[in-house]
There are 4 protein chains.
Amino acid sequence: MSGARSAADHAGPDARRRAILDAAARRFAVAGVELTSIDDIARSLGATKGKIYHHFGSKGELVRAIRLHSVQLTHDHVLPAYRGGGDPATRLHRMAAAHVEVMMQALAYHRVVVETMRAHPHRGATQVERSLAAQTRALQGTYEDLFRDVIREGIESGVFAGQNLSIALHSLMMLLNAPVYWYRPRLGERGTDRDAIKTQIAAMALGALRAAPGD
Amino acid sequence: MSGARSAADHAGPDARRRAILDAAARRFAVAGVELTSIDDIARSLGATKGKIYHHFGSKGELVRAIRLHSVQLTHDHVLPAYRGGGDPATRLHRMAAAHVEVMMQALAYHRVVVETMRAHPHRGATQVERSLAAQTRALQGTYEDLFRDVIREGIESGVFAGQNLSIALHSLMMLLNAPVYWYRPRLGERGTDRDAIKTQIAAMALGALRAAPGD
Amino acid sequence: MSGARSAADHAGPDARRRAILDAAARRFAVAGVELTSIDDIARSLGATKGKIYHHFGSKGELVRAIRLHSVQLTHDHVLPAYRGGGDPATRLHRMAAAHVEVMMQALAYHRVVVETMRAHPHRGATQVERSLAAQTRALQGTYEDLFRDVIREGIESGVFAGQNLSIALHSLMMLLNAPVYWYRPRLGERGTDRDAIKTQIAAMALGALRAAPGD
Amino acid sequence: MSGARSAADHAGPDARRRAILDAAARRFAVAGVELTSIDDIARSLGATKGKIYHHFGSKGELVRAIRLHSVQLTHDHVLPAYRGGGDPATRLHRMAAAHVEVMMQALAYHRVVVETMRAHPHRGATQVERSLAAQTRALQGTYEDLFRDVIREGIESGVFAGQNLSIALHSLMMLLNAPVYWYRPRLGERGTDRDAIKTQIAAMALGALRAAPGD
DNA sequence: AATGAATGAGTCTTCATTCAT
DNA sequence: GATGAATGAAGACTCATTCAT
């Protein structure tokens, strides 16, 4: 195992960083961030922790890089649906489906995100860590604004029920994130199962927004 | 500091256990389970570690007792709405509102639950810990069955859209749990804000179940 | 203190392990296993806990490694006398002398053995600990069989008195181990004192086996 | 179990002290002194530790009281054989047999003695503990002198081989203590087994002393 | 670029002991 | 006499991090 070199080792520093990030996300997702040691990650890479510290300054940096990557993936995957035309309901349906889809695609990364949603001591974070966190926060804001926009537009046009925008947004995001908590890909499956999941959840999302509080 | 005795100290061992559990839940909710040391909890009680270990065998036992308490609270609070009459939509609306309500009431306890949703190594758990976990699992199952029942009934009677029951249940629970992640009581507020939140989320829940996947 | 490196540090990992084992045996022998903390051992090495834990997984592993080493030393030192020819009395005399000799040579290791003769909870032992214990048990069995063989042969040939073999073996081992309890090398001495001790005890061992119970 | 009161509770403080001492010796013998907590002992008495601390000032006092009791028992049991007439060989045989006998009778107490043979930090001992230790040391000295006397007499009269008295005494005591390490009473047995053991070991003791070092 | 060794701060946990009742 | 509660010191162990090679 040690001595063997994976494809990533021949593909430059970026690919190496990415391989480390993948391994870390996987371990974090399985065992939890706190219970995963740098040694665990190194072992799952067939290497020692020196390798990891060569590319990432700290465990916190690893976590924050995973978070940023998760948000980037999600944003990039959903943006086309936002930009595509159509009425608010149609756009939101497409965005929701895309969100659910990417949740299932990069499950490990998103698991880390939901696990580390709280608990971010700014104190003690390095410069790099703060920078990553700031980028993540900014992009996360941008991302949520996509949904906020469409919801607002839908409310204004009467497609969605009049309601508190903040509560609606929070609830929607949680509904769309739900698969991160329970979805576990089966060995045989790939396409159909995921399609059914994303279709149903997108429909539920639409239904949730259409309902009036005083219903 | 020592020598001072709080009200709980005069009310028997159960009240003392409960006071410890409350303090632990509060600290865990604020800083995260892993980042909270037993000493932190003791300090917030104006006592020392020993007091806690006198009543709970381990940190894991504390966490599991909090989880069980959370599920019990929730179950007890929602059961009347399940038992009350009405068509499936009405009952589910009441159940959802009750669930959201109890989330906000015992916020700290539920925060611990969602944080520790994963990562429960059966290995290394003590007998007491396993017993608490088993009770929690059982009651959690019973609780979810309440919702499952009503959803199924609603689907059969045509009030809810035909859909995958499991996905619907998972999504619904996540939607109802959402406030645990973002709700933070403001000092002035109490009644109206919470009412608005639970009403809106309950409405969204209903809307989500009414929507057909092929919509 | 840090920065200084002893000879062992230049001689590879085995020598380093051995240096730690020596230090541990010495501390254990002086103060007792339970009263010796890992920090004590580290301090006597001019290092910190971490060094020890880098090479040994736990305190129990340290103890068991010392036990195994002790038995190996003893077995290796006595085996030639067993294999050498002669009548049972002669062989047993040589074996006894060799045993007493090695007791005094590696006093610290053997002290640990006699102290930890009992009290080995299998429960809670790590895999490595169990493996070390199993090896020790096996080698200890092999070792005692050397004596058992010679005693039996001696009884059969009439050189030794007819007696219960098990009691005889137990008693003999205890007699030969006795110096571990009371022997304490004096600074000036080396050769003659030890010779006298081993000669006298070997003679007593022979005498003990020759005596008939009904004498 | 709790609430029940044993016979000892009705028989005055001495009997109560003795019951505690018995329980402590038993627990210490089974699990080792360090691994036995005061709570363990209390539990085996069907009481709580308050009871123990009512009668003994500390755990160390408990251990030292057990040691003293062990030596007293042994001394009292062997003294008649010392005082009884006969040639040195006869007396020593009787003394040895008596010693082995009492070892098996009060096994738990003697186990504690051999376990705590070392490791007696004078520092930190209370007044009572030091007093108990001093009495034990004195009585132990007196006791060993009984054997020393007889051995010397035997050597002078030519019954025993000329040899180093100190080595002989040490070795003899160890030989006679051996059953403490390995003897474990079987449920059915009592008389015959023990008789065989004490007879054989006494014979071996005699044989050991008769043998000349230059043999 | 990567490794093995070492550090040291931080945590859980145990348990002898004290004390109010 | 005895109990339950609480204390606090001590110790094993983990693990992120640093560093020489």
Side-chain angles (χ1 to χ4, degrees), chain A residues 2-3 5 9 13 16 34-42 45-62 124 126, chain B residues 1-3 5 9 12-13 16 34-42 45-62 126, chain C residues 2-3 5 9 12-13 16 34-42 45-62 126, chain D residues 2-3 5 9 13 16 34-42 45 47-62 124 126:
Chain A
S2 98
R5 311 192 64 181
D9 294 330
R16 237 167 317 207
E34 291 292 338
L35 292 181
T36 300
S37 70
I38 299 285
D39 273 317
D40 286 336
I41 300 168
L45 279 166
T48 63
K49 54 188 157 212
K51 178 169 187 176
I52 293 174
Y53 276 102
H54 213 74
H55 294 274
F56 295 89
S58 69
K59 188 181 181 180
E61 201 177 312
L62 222 37
T126 68
Chain B
M1 183 166 286
S2 100
R5 311 193 62 182
D9 294 329
R16 229 161 333 206
E34 292 293 338
L35 293 181
T36 300
S37 71
I38 298 285
D39 273 318
D40 287 338
I41 300 169
L45 278 166
T48 64
K49 246 191 304 262
K51 175 169 187 172
I52 294 173
Y53 277 105
H54 188 68
H55 294 274
F56 294 90
S58 68
K59 188 179 183 181
E61 201 178 313
L62 222 36
T126 68
Chain C
S2 100
R5 310 193 62 183
D9 295 328
R16 232 164 326 208
E34 291 293 339
L35 292 181
T36 299
S37 71
I38 299 286
D39 274 316
D40 286 337
I41 300 168
L45 278 166
T48 64
K49 244 193 307 262
K51 175 168 187 173
I52 294 173
Y53 278 105
H54 189 68
H55 293 275
F56 294 89
S58 68
K59 189 179 181 181
E61 200 177 314
L62 222 37
T126 68
Chain D
S2 98
R5 311 194 62 181
D9 294 328
R16 238 169 314 208
E34 291 292 338
L35 292 180
T36 300
S37 70
I38 299 285
D39 274 317
D40 286 337
I41 301 168
L45 279 164
T48 62
K49 55 188 157 211
K51 177 169 185 176
I52 294 173
Y53 276 103
H54 213 74
H55 295 273
F56 294 89
S58 70
K59 188 181 183 181
E61 201 177 312
L62 221 38
T126 69

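Lettering of chains follows the sequences in order, A, B, ..., and the numbering in each one begins at 1.
One interatomic measurement links the two molecules: CD1 of A:Ile52 to P of F:dT18, which rounds to 14 Å at whole-angstrom precision. Counting to the nearest Å, the P atom of E:dT13 and the CZ atom of B:Phe56 are 14 Å from each other. Spacing between atom NZ of C:Lys51 and atom C1' of E:dA9 amounts to 20 Å, rounded to whole angstrom units. In this structure, the CD atom of C:Glu61 is 15 Å from the C1' atom of F:dT14, given to the nearest Å.
Not counting sequence neighbours, A:Thr48 has no partner by the side-chain contact (heavy atoms from CB on, under 4.5 Å) test. Residues satisfying the side-chain contact (heavy atoms from CB on, under 4.5 Å) criterion with A:Thr36, sequence neighbours excluded, are A:Arg27, A:Phe28, A:Ala31, A:Asp40, A:Ile41. Not counting sequence neighbours, the partners of B:Lys49 by the salt bridge (Lys or Arg N to Asp or Glu O under 4.0 Å) test are B:Asp39.
Between B:Lys59 and B:Glu34 the shortest heavy-atom distance is NZ-O, 3.9 Å. Here the closest heavy-atom approach between residue C:His55 and residue C:Lys51 is recorded as CD2-O, 3.1 Å.
Stem list for DNA chain F (at least 3 consecutive Watson-Crick or G-U pairs, distances under 3.5 Å): E:2-21 with F:2-21.
For E:dA2, one of the phosphate oxygens OP1 or OP2 lies less than 4.0 angstrom from a side-chain nitrogen or oxygen of A:His55. When the side-chain nitrogen and oxygen atoms of C:His54 are compared with OP1 and OP2 of E:dA5, one or more of them lie within a distance under 4.0 Å.
Of the two residues contacting DNA chain E, namely C:Gly50 and B:Gly60, the nearest-nucleotide position lying further toward the 5' end is that of C:Gly50.
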Close N or O pairs between protein and nucleotides 10-12 of chain F (under 3.5 Å):
from   : atom 1 : to      : atom 2 : distance (Å)
F:dA12 : OP1    : C:Lys59 : NZ     : 2.9
F:dA12 : OP2    : C:Ile38 : N      : 3.1

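Between B:Ser58 atom OG and B:Ile52 atom CD1 the span is 11.5 Å, to the nearest 0.5 Å.
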